[in-house]
Amino acid sequence: MGFLASAKITAVLGPTNTGKTYLAMERMLAYSSGMIGFPLRLLARENYDKAVAIKGAAKCALVTGEEKILPKSARYFFCTVESMPVDKLVEFLAVDEIQLAADEERGHIFTDRLLNARGTAETMFMGSNTIAPILKKLVRDIEFIERPRFSSLSFSGNKKIIRLPPRSAVVAFSATDVYQLAETIRQHRGGTAVVLGALSPRTRNAQVELFENGDVDYLVATDAIGMGLNLDVNHVAFSRMEKFDGRISRYLYASEIGQIAGRAGRHTRDGTFGTTNNVGPLDEDLIARVENHDYDPLRVIYWRNNDLDYRSPEQLIKSLERRADDKILSRVRDAEDHQALMALAQESTVQDSATNTALVKLLWEVCQVPDFRKILTDQHIRLLSQIYHYLISNHGALPEDWIATQIKRIDRIDGDIDTLVARISHIRTWTYISHRSDWIKDNEHWQGVSRAIEDRLSDALHERLTQRFVDRRAAKLVRSLQAGESIVSAVKANGDVIVEGELLGRIVGFSFVLDESLQGSDIKPGLTAARKTLLSEMPARVSVLEEDNDGSFLLNDAGELTWRGIAVGKLIKGESSLSPAVDVYSTEFIDSPMREKIRIRLIGWLERHLRAQLKPLFYLSDAKLEGTARGIAFQVIEGLGLVPRYLVRDQINGLSKADRKALADLGLRLGRESVFLPNLNRPRPSRIRALLWAAWNEVSVPELPDFESKYFTPSEAQKDIFCASVGYRHLSNRKGRELVLRADILERVSHEAYKLLRLSKDDGEKKSNKKDTDPKAKVVEIETPAVEAPVVDDTAIVTSGNDQDVAASESEVKAVDNVAVEVQEDKKADDDLKLPPGSFIINDDMRKVSGLDDQQIAFVLKSLRFHPNRLKGGVTAFGLRGPKKQDPKKKEARKKQVEAEKARMADSPFAVLQDMSFKR
C-alpha cells in the first residue's frame, strides 16, 4: 500500500464532547486550503455554514452526494466522506469519526480515506480511542492527541417515560418505537422533537431547532443522534438495550452506548444517562466503562480493493472481491453497489453491451447511485438498469422527458409520515443523479427541481411530525408549572378559556372541554392552570341560567334538557309518567348547591313546557271526575293518552250518559278499538310522549319514528306499550308480520268496515224477504267479539254451510297472509258482484279515510278479526268471524262433571265454612 506524502499526520482521539471537530476546523482555516470529510451530510452542512461566516461563501465549498456548492475560488471543502474529492490537493485534510472504518456498511470508505487521503501539510483523523491500535499499525509516524471530555457523564438509573427530566433525549432503534415513545411524551409533557436517520437534513434540522429553541423539552431519536449532532441535552435515556444491525438483533456494545450517551452534557456542563420504558437494570461493569470511557479496542476494520479491473463485469466483480494482505483489513461483504453490480451483470443486455473498459467503468458508476430507500432493492436495480441503457443508447445522456416523468411521480406532499419519508428517500436518489453533469445536459436545472421537491417534502414532513408530536401550548404550561410560575388565565364572553395567552379550551354548559387540537392529551397541567378561573366562573354561569328566559331551554330527542344548545341534564323517572324528575349533569366545577339551583330551574321550565305541549292530557288529569269515568281517565293518563279499548271495556259499559259527555268534553274518544285523545296525535306531542315513556320505564329512548307518517314498521326496541304511548297501535300476526298504525287511522278503518258490514246485512235481509233462502245459511251478528288484543288469526272460519264453500275456504286459509286485494278497474263490475250476506270488499271510501293501500288495509282488517274469503273472479271479501258453537253432548258432559265435583266437595271443611259465611 502506498501513501501520499504528508508533513504531519495526527490522530485526535477521545470521547464525545471533547472539541475534536472544533480543533480540526480551527487548524484547517489556518491553512490556505483544506478539506474535511464528515460522516453525515448534516454535519458537513453545519460546519460549511460556520466556515462561510468566517471566510465568506466564495472560499467555501460543500460537496455531498445530493448537494454541491462549488465556487470557482473555493479553497475549503466540507464533504461527506463518500464525496471527498481525494484527487484534489489541499494543505489540510481531515476525516471525522474515523472509527466508522469498523462499520460493516460504510467502513470500507473510511478505511480508504485512512489509507489513501492526505493533505500536503497536515492530515488529521478524529474519532474514538478504540481505533488507536489500528492507526498505530497502518499509519506510520502518526501522532496521537488525546482529548479529555469537558464534562463528566454519570448513570442516573431507570425512570418512567413520563418522569424524565426536561432536556432529555430518548433513544430507540426503530421508527415504530420512536413514534410510540413520542406519542406518550406528547400526551404527558406537551410535545417532543423527533430525529430519525431516514429524515432529510432539512427536516432533521427543523426538528432539532424545535428542541434547541425550547419549543419542546424532549427529543426522541434513533442512534443517529450519536453521530456528531451537537445538542443541548442534559440526559440520555435508552428505551432499549438491543438493536437490529441488518442481520441479527444484538445487545449494544459498550462503545455504542458511550457514543450515544455522550450526547448528554455540553461543554463544561455535566450530563447523565439512564434507561426508561421498563428496561431492566444495567450491569455495573458496563456502567463503569461508559462513565470512564473505557471500551474494547477495535480488532479489524473493513476494506475494499480500489485497484479495479474494468475489462469486463466479471473481472470487475473479481477485483472487488480481492482480499487484503493485512488481517486487520477485513474485506467488506454485501456492499450496496457491489450487490447492484452482481445483479446487473446477470442481465443479458448488460452482458452484451458492457464490452470495453469505458462501458464497464460506466456500469460501475451507475451501480454507485445510492438507494436511500433501502427497502426497495428490486425497484432500485430496475432504475439502475434503465439509467445504464439510456446512457449507452442516448449518447451518454439521460432523456429529459424520462427524468421529468420519474420525478413528477414523487412531487406530492399528501400522505402520512411514512409516505413522505419514502418520497424524500426517493427524491434524494434523483438529487444525487442530477449532480452528474456528464449524464444530464441541463443538470443545474434538474438539481434545482429535485432540491425544490425535497424541500417541499421535507417541510411537509416537519409539519406532519410537529402536528402529531408537538403541542406548544401544553409544553409551555408544563414548563411554567414546573418552574412554579404564576399562571395567567381568563374566560372570554363566548366561554373560551385562555391560559398564558393560549386557547386551552372552552366552557360548554358547566363542563370544560379541551380545544380540538389537544384532544387525547393529558389535561392535568391545563386543568391545574385553569381551575381557579373555572371555579370562580361557574357560580356566575349558574346565575345566568337561573335568570335566563324559557326560550333558552329545549328538550332534545335523547331526553336531555339543553340550555343554549348544551345538554345540562336529562329526564329520569319521577312521581308519575307526567311528572318526570331531572338529573343535572355533574362536573368537577359545580358543587351540590349549584346543581340544586340548576335542577329547580330546569324542573320549572319542564312543567310549563309539558303543560303547553300536552294540554289534553293535563286537562284530563286536572278534571273533577268521579267513579268509573275517573278510573278510565287515570288509565289513559298512565298510558300517556291512549289505552286499548279491550282493557277498559267493562268500565266503559258502566259509564252513564253524563260520564260519557264529561269525557267527550275533555276530548277523550271512546273508540271501537282504542280510548285516546285525538288532539295528541301530532308529531311534537308524540315525540314528547316517547321521551316521557322512556324516562318512566327507565330505559334509553328508542329510535323515534317519523311521527308525520300514519304508519311505520317497528324496530325491536319499539314495544307494543311504547307504540300505544305515542298514539299508535301495534298490529301483528302469528307469522311475525308487523305494522304500527296511528290510532285514529285504525278507528277510521274499523268504522268503515263495520258500516259496510251493517249495509251488507241489511241488503241480505231484504233479499231474504223476496225469495227463499238456503235453510243451512248462517246469520252473522254484527258485534265486536270479546278478544283481548288485535292479533291476526291465520285460521279462517267458514260462513257458508255447503261442502263446496268449506273446500274453498280451506284453500283460502293457506293464503291468508298473502291476500292481495285487487282494485277493480271496471266500477260496473263491482256493482254487479254478488257478495254473501254479512261480507264486504274494500272500497274507495275506506282507502280515502285511511290513506293506506289495499294490502295494508287487508292486514288491518285481519287484525280487527275480519275473515278474508276469496270469491269467484279473484275478488276478496271480508266477513266478521262468528262465535264458535259448542257441541251439545260435550256441554251436557261438562255439566255433569261440575255437579259431581260439587257433590264431592259438599262435605269438605272449606264448603262448610263457605256455607256459614253465606248464611251469616
Hey, is Arg506 close enough to Asp496 for a salt bridge, meaning N to O under 4.0 Å? yes
Is it true that a side-chain atom of Glu212 and a backbone atom of Asp232 form a donor plus acceptor pair closer than 3.5 Å? yes
Cation over ring, Arg106 on Tyr302, under 6.0 Å and within 45°? no
Check the angle between the aromatic planes of Phe78 and Phe38 and answer parallel, tilted or perpendicular using the 30° and 60° thresholds. parallel
Are the side chains of Ile145 and Leu13 in contact, using a 4.5 Å heavy-atom criterion? no
For Glu66 and His435, which I'm curious about, is there any donor-acceptor pair between the side chains at under 3.5 Å? no
A cation-pi test, strictly: NZ or CZ of Arg167 under 6.0 Å from the centre of the six-membered ring of Phe211 and no more than 45 degrees from its axis. Yes or no? yes
Please determine, by modelled atom types, if Ser128 and Thr130 share a side-chain donor-acceptor pair under 3.5 angstrom. yes
Can a donor-acceptor pair be found between the side chains of His462 and Thr203 at a distance below 3.5 Å? no
List the residues meeting salt bridge (charged side-chain N to carboxylate O under 4.0 Å, His left out) with Asp455, not counting sequence neighbours, and say none if there are none. Arg202
Lys50 NZ/CZ over Tyr22 ring centroid, <6.0 Å and within 45° of normal: no
Please evaluate residues Lys20 and Asp96 with respect to the criterion salt bridge (Lys or Arg N to Asp or Glu O under 4.0 Å), reporting the C-alpha separation (whole Å), side-chain torsions for both, the decisive distance (0.1 Å), and the verdict. CA-CA 9 Å; Lys20 297 185 293 293; Asp96 195 14; over 6 Å; no
Just checking, any donor-acceptor pair under 3.5 angstrom between side chains of Thr16 and Arg149? yes
Will you find, in the side chains of Arg240 and Asn277, an N or O donor that is under 3.5 Å from an N or O acceptor? no
Going by an N to O cut-off under 4.0 Å, is there a salt bridge joining Glu46 and Arg41? no
Taking atom types as modelled, is there a side-chain donor on Ser151 or Asn17 under 3.5 Å from an acceptor on the other? yes
Thinking salt bridges, do Arg464 and Asp416 make one under a 4.0 Å N-O criterion? no
